[in-house]
Number of protein chains: 2
Amino acid sequence: MELSERKKKILTAVVEEYIRTAEPVGSKTVASTAKLGCSSATIRNELSELASMGYLEQPHTSAGRVPTPLGYRIYVNELMERHKLSLEETEEINRSLNEKLRELDHLVSNVGALASSLTNYPAMAIAASPPATISRFDLIYIDANTFIIVAMMSNNTVRNKLVRLPVSVGQDMIQRLSSVFNANFTGITEDRITPLMIRSAERAVDDTMGLTGVIASFAIEILSDSQTAEAAVYGANRLLSQPEYRDPDKAHALMSYISDADHLRELQLTDCGGGVRVLIGPENVAEELRDSSVVLAEYDMGGEAKGLIGVVGPTRMDYSSVAAKLSMIAEMLSMRLGNGAAPPPGLDNKLVIKGDSNEQQ
Amino acid sequence: MELSERKKKILTAVVEEYIRTAEPVGSKTVASTAKLGCSSATIRNELSELASMGYLEQPHTSAGRVPTPLGYRIYVNELMERHKLSLEETEEINRSLNEKLRELDHLVSNVGALASSLTNYPAMAIAASPPATISRFDLIYIDANTFIIVAMMSNNTVRNKLVRLPVSVGQDMIQRLSSVFNANFTGITEDRITPLMIRSAERAVDDTMGLTGVIASFAIEILSDSQTAEAAVYGANRLLSQPEYRDPDKAHALMSYISDADHLRELQLTDCGGGVRVLIGPENVAEELRDSSVVLAEYDMGGEAKGLIGVVGPTRMDYSSVAAKLSMIAEMLSMRLGNGAAPPPGLDNKLVIKGDSNEQQ
DNA sequence: ATTAGCACTCGAGGTCAGAGAGTGCCAATA
DNA sequence: TATTGGCACTCTCTGACCTCGAGTGCTAAT
């Protein structure tokens with residue numbers, strides 16, 4: 001059933017006023033904000049119809065109206081004006097990403113922090129990549145008791161490990177280990193590594209010191225890591241600035257829920273169709289999110305790897321501005337990380353750096 | 001001034017009862033819990049003396065007594081029984097650390113999460129190491145457009161970066177770059193790298209493609225990273241389960257404060273004397289921590305590197321058990337990470353792994 | 001179809017009295 | 001002299017009750 005033009009305007013006014021003030025909105029307020037040429041009595045009739053249609057509800061008989069999840073849905077789908085980011089906001093995102101992209105190893109956490117500070121809601125960042133394989137091993141001989149394993153992976157990440165030995169090992173052994181691993185352990189996923197393979201590699205290099213095992217467990221570790229999506233929340237404390245979470249029990253419940261990376265990974269399944277996805281209240285699958293809303297945006301990390309960046313807040317969320325901001329972040333990130341993309345405008349290197357680093361200890 | 005035996009017992013009883021219940025403690029309760037052979041009237045007299053000495057206070061005239069920060073201080077220093085961890089608790093820590101130590105790259109975060117879940121308070125972890133230098137560069141030639149920089153650092157961490165080039169580069173160039181960097185950029189701290197050095201390196205290898213600059217900025221980046229202590233909070237949401245933070249404004253203020261890594265790094269300065277340090281209420285330097293308590297334990301990460309692990313909570317904190325748990329975690333970690341230490345009992349490898357890895361993208 | 005008017009509803013916030021917990025003091029006691 | 005029972009007093013907490021104001025729903029007039 002189609003809403004009349006006036007109903008649309010009234011619903012919009014109610015939703016936006018409620019988003020702004022967090023107070024139930026009365027007919028008088030609507031009459032004065034949405035400048036339709038009619039009195040509050042007329043608005044009252046319309047409001048009561050909108051309520052019976054399920055778009056609004058009353059906390060109690062003599063209070064103003066509050067949007068229902070369905071009301072928000074209509075608002076998000078049809079009514080809200082697509083928020084235009086101001087030049088400052090766009091610049092802020094652009095500048096921030098340029099800075100952060102220098103250190104790609106903290107990409108996920110930086111983008112999460114950025115989204116949270118920009119929207120003033122807790123933000124989550126999830127980076128999922130298809131299972132990678134190791135495309136190449138290098139063993140760097142340091143001294144008789146030390147070597148470094150460097151593994152380059154199919155998704156163009158590099159991982160390393162420093163190995164200290166209580167016994168001496170020769171360069172030749174390192175050399176042999178390197179060839180065997182490059183011959184047998186590259187291009188395969190974790191489940192394809194069998195104890196049998198390891199034992200035969202051990203025999204092949206004549207290893208009596210367990211070196212093969214060490215390298216193999218490193219390989220298994222990084223392969224299995226590459227299957228687990230990185231996921232974290234940032235700015236969870238911002239939840240407490242929202243009036244709907246002034247009840248510490250509610251706040252605690254939601255915060256505990258979103259602090260668990262496993263719960264966040266469940267959001268991976270959400271299909272954003274490359275754009276922004278809004279999940280309002282009961283539309284969320286997780287019980288704990290049923291009174292809250294989630295806005296998600298997907299970005300392209302190059303290849304098949306996808307990143308998800310999202311924001312959690314009360315159903316009374318500023319959907320328009322949040323969606324615009326997340327969408328902008330996602331878009332700019334995709335541009336910078338996307339595969340065949342041109343060098344991003346802000347990176348003033350002659351070279352396209354697609355790597356980074358990390359520490360170990 | 002020395003407290004009488006009986007006063008000590010009474011103070012202890014008040015502190016422990018208050019820690020347990022978060023309710024002001026009355027004379028009657030003390031009379032029944034601390035089994036001194038005297039009536040509540042006697043206790044009342046003693047309580048009022050303890051109050052005038054500054055160890056206890058009353059929220060209002062006719063309420064029970066609550067410990068002052070000074071009262072907690074006496075309790076922590078002299079009265080409390082050193083909590084013995086149960087066998088299960090010890091085992092839990094031990095098992096947990098064994099698991100976590102497999103992936104040393106997430107050491108800080110894992111230890112933080114462990115401390116938080118064990119104590120049920122927010123936990124912070126700070127890992128500080130003295131400025132490191134690069135002890136060795138290896139450049140791995142992948143193909144004409146790609147190479148990996150691997151830098152081994154003086155603190156035995158390894159970092160890497162994958163470099164993609166829009167132009168071709170030869171193995172010989174990689175070779176030359178490697179020697180120049182090993183000759184000129186090892187063993188020095190960040191501030192010793194000058195634009196002049198970079199330019200002269202550029203000339204030495206006859207580099208027209210900016211490769212030298214890329215490697216140098218990588219060096220600068222990892223050297224400056226090594227100076228910044230890693231710091232983070234875990235389980236901040238647990239704050240909300242404490243009655244003293246049911247006021248969302250208080251909770252928000254503290255949470256925001258401890259969510260800022262820079263604030264945490266200030267705690268680095270705290271001297272724990274190798275053991276556990278308790279900071280009660282106003283003993284904290286930071287204004288924001290003045291109504292809260294912090295328990296810190298230091299562990300030895302090998303060499304001069306120190307880790308700090310801590311817990312924040314209300315002044316009404318279970319000091320005894322928290323101190324015992326943190327101390328145990330710190331001790332076990334030091335054993336495993338400490339320099340010349342014997343291989344830790346739980347690590348069932350033949351080899352002592354002192355490395356790990358990390359990803360980039 | 002719209003509107004003014006009005007009775008009605010309900011929550012927020014204020015006041016008040018009674019209950020309960022705990023104190024401080026005093027006089028009696030060992 | 002230290003301890004104790006007794007008792008008046010103080011202060012908070014709770015629930016009952018009230019009023020105020022915002023907002024509704026309905027009706028009759030336009």
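All chains are named by letter (A, B, ...) in the order of the sequence lines, taking the proteins before the strands, and each is independently numbered beginning at 1.
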Legend entry - Salt bridge A:Arg73-A:Glu283, side-chain N to carboxylate O under 4.0 Å: yes
Legend entry - Lys/Arg N to Asp/Glu carboxylate O, B:Glu49 vs B:Lys7, below 4.0 Å: yes
Legend entry - Sidechain N-carboxylate O distance under 4.0 Å for B:Glu57, B:Arg65: no
Legend entry - Exercise: do A:Ser259 and B:Tyr234 side chains pair donor with acceptor under 3.5 Å: no
Inset, instruction - By nearest nucleotide on DNA chain D, pick out whichever of B:Thr42 and B:Pro59 is the more 5' one. - result: B:Thr42
Legend entry - Protein-nucleotide distance (B:Glu46, atom CD; C:dG22, atom C1'), rounded to Å: 17 Å
Legend entry - Atom pair distance, as rounded to whole Å: CD1 in B:Ile43 and C1' in D:dT4: 12 Å
Legend entry - Donor-acceptor side-chain pairing of A:Ser116 and A:Arg238 below 3.5 angstrom: yes
All N/O contacts under 3.5 Å from nucleotides 19-28 of chain D to the protein, with atom names and distances to one decimal?
unit_1 : atom_1 : unit_2  : atom_2 : d
D:dT24 : OP1    : A:Ser27 : N      : 3.3
D:dT24 : OP2    : A:Ser27 : N      : 3.4
D:dT24 : OP2    : A:Ser27 : OG     : 2.7
D:dG25 : OP1    : A:Arg65 : NH2    : 3.3
D:dG25 : OP2    : A:Arg65 : NH2    : 3.4
D:dG25 : N7     : A:Arg44 : NE     : 3.2
D:dG25 : O6     : A:Arg44 : NH2    : 3.3

Legend entry - No-hydrogen, no-angle side-chain donor-acceptor test under 3.5 Å, B:Tyr75 and B:Glu16: yes
Legend entry - NZ/NE/NH1/NH2 to OD/OE distance under 4.0 Å, A:Arg246 and B:Asp249: yes
Legend entry - Spacing between B:Leu50 atom CG and C:dT23 atom C1', to the nearest angstrom: 15 Å
Inset, instruction - Could you state the atom-to-atom distance from NZ of B:Lys7 to C1' of D:dT3 in whole Å? - result: 14 Å
Legend entry - Among B:Tyr319, B:Tyr72, B:Tyr121, the one residue meeting side-chain hydrogen bond (donor to acceptor under 3.5 Å, both in side chains) with B:Ser293: B:Tyr319
Inset, instruction - Using atom CG of B:Leu56 as one end and atom C1' of C:dT23 as the other, report the distance to the nearest whole Å. - result: 14 Å
Legend entry - Euclidean distance, atom NE2 of residue B:His60 to atom P of C:dG20 [Å, nearest integer]: 17 Å
Legend entry - Proximity to DNA chain C (any heavy atom under 4.0 Å), residues of residues 31-40 of chain A only: A:Gly37, A:Cys38, A:Ser39
